[in-house]
Q: 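Below you'll find the structure I mean.
Atoms within each ligand, like the ligands themselves, are counted from 1 in listed order.
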Amino acid sequence: MRRFEETGAYLKGHFRLTSGLHSPEFLQCAKVLQHPAIAEEFGNRLAEEMKKLAGIIQVVVAPAMGGLIIGHEVARALGVRFIFTERDAEAKMTLRRGFAFEPVERAVMIEDVITTGGSSVEVIELVKSLGASVVAAGSIIDRSGGKADLGVPRVALATLMATTYQPEACPLCAQGLPVVKPGSRPGR
Ligand code: ZN
């Protein structure tokens with residue numbers, strides 16, 4: 001969290017999250033990961049945790065865009081290859097670009113932030129459907145307060161309980177504060 005504060009990646013205000021919920025705070029992972037030395041540090045720490053949880057790891061998989069940088073750093077620290085999933089035109093999680101798994105390969109799934117765990121579970125199901133196994137999962141931030149269940153052993157470098165509001169019950173909206181969608185234009 002200190003790294004997020006130092007790099008201005010821990011934003012306070014009034015945000016509309018991808019889920020549609022409103023929140024007084026937002027962690028902009030891209031802003032902390034723009035510093036390769038910090039990305040490397042996070043990757044090393046997550047790689048150590050993954051080794052403790054899973055033992056032998058043969059590949060790291062992460063969903064684009066959020067998981068690209070940290071997934072790559074974890075794979076570098078583990079000395080294994082890194083592949084990423086993408087959503088197709090129907091928003092279905094897929095593996096493209098010629099990426100594939102060896103049979104019964106041991107994969108770990110890496111994300112920047114886990115909130116509900118929904119997209120992480122999609123990645124894990126995809127990997128399993130392709131014949132590999134996901135032996136552990138990791139993220140820089142867990143915004144679920146530890147509640148997100150991915151069905152595999154999981155670790156985060158920081159666990160938070162995100163404050164969120166339904167838009168119609170949001171006290172910040174009630175104060176008339178404009179809502180910002182992080183990474184996009186204000187009010188959108
Ligand atoms: Zn609001």
Q: Does His14 use its side chain to pair, donor to acceptor, with the backbone of Pro24 at less than 3.5 Å?
A: no

Q: What orientation do Phe4 and Phe42 show, parallel under 30°, tilted 30 to 60°, or perpendicular over 60°?
A: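 Plane angle under 30°, so parallel.
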
Q: Taking the Zn ion (ligand 1) as the center, what protein N, O or S atoms are found at less than 2.8 Å?
A: His14 NE2, His22 ND1, Cys170 SG, Cys173 SG

Q: With Ile141 as reference, evaluate Thr159, Val113, Asp112 under the side chain to side chain contact (heavy atoms under 4.5 Å, CB included) test and give the passing residue.
A: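 Considering Thr159, Val113, Asp112, a side chain to side chain contact (heavy atoms under 4.5 Å, CB included) with Ile141 is found only for Val113.
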
Q: So if I apply the side-chain hydrogen bond (donor to acceptor under 3.5 Å, both in side chains) rule between Tyr10 and each of Glu25, Arg2, Glu5, Arg3, which one comes out positive?
A: Glu25

Q: Is it true that Leu53 and Val127 fall in one hydrophobic cluster, defined by side-chain heavy atoms closer than 4.5 Å?
A: yes

Q: In this structure, which one of Val134, Val61, Thr85 forms a side chain to side chain contact (heavy atoms under 4.5 Å, CB included) with Leu126?
A: Thr85

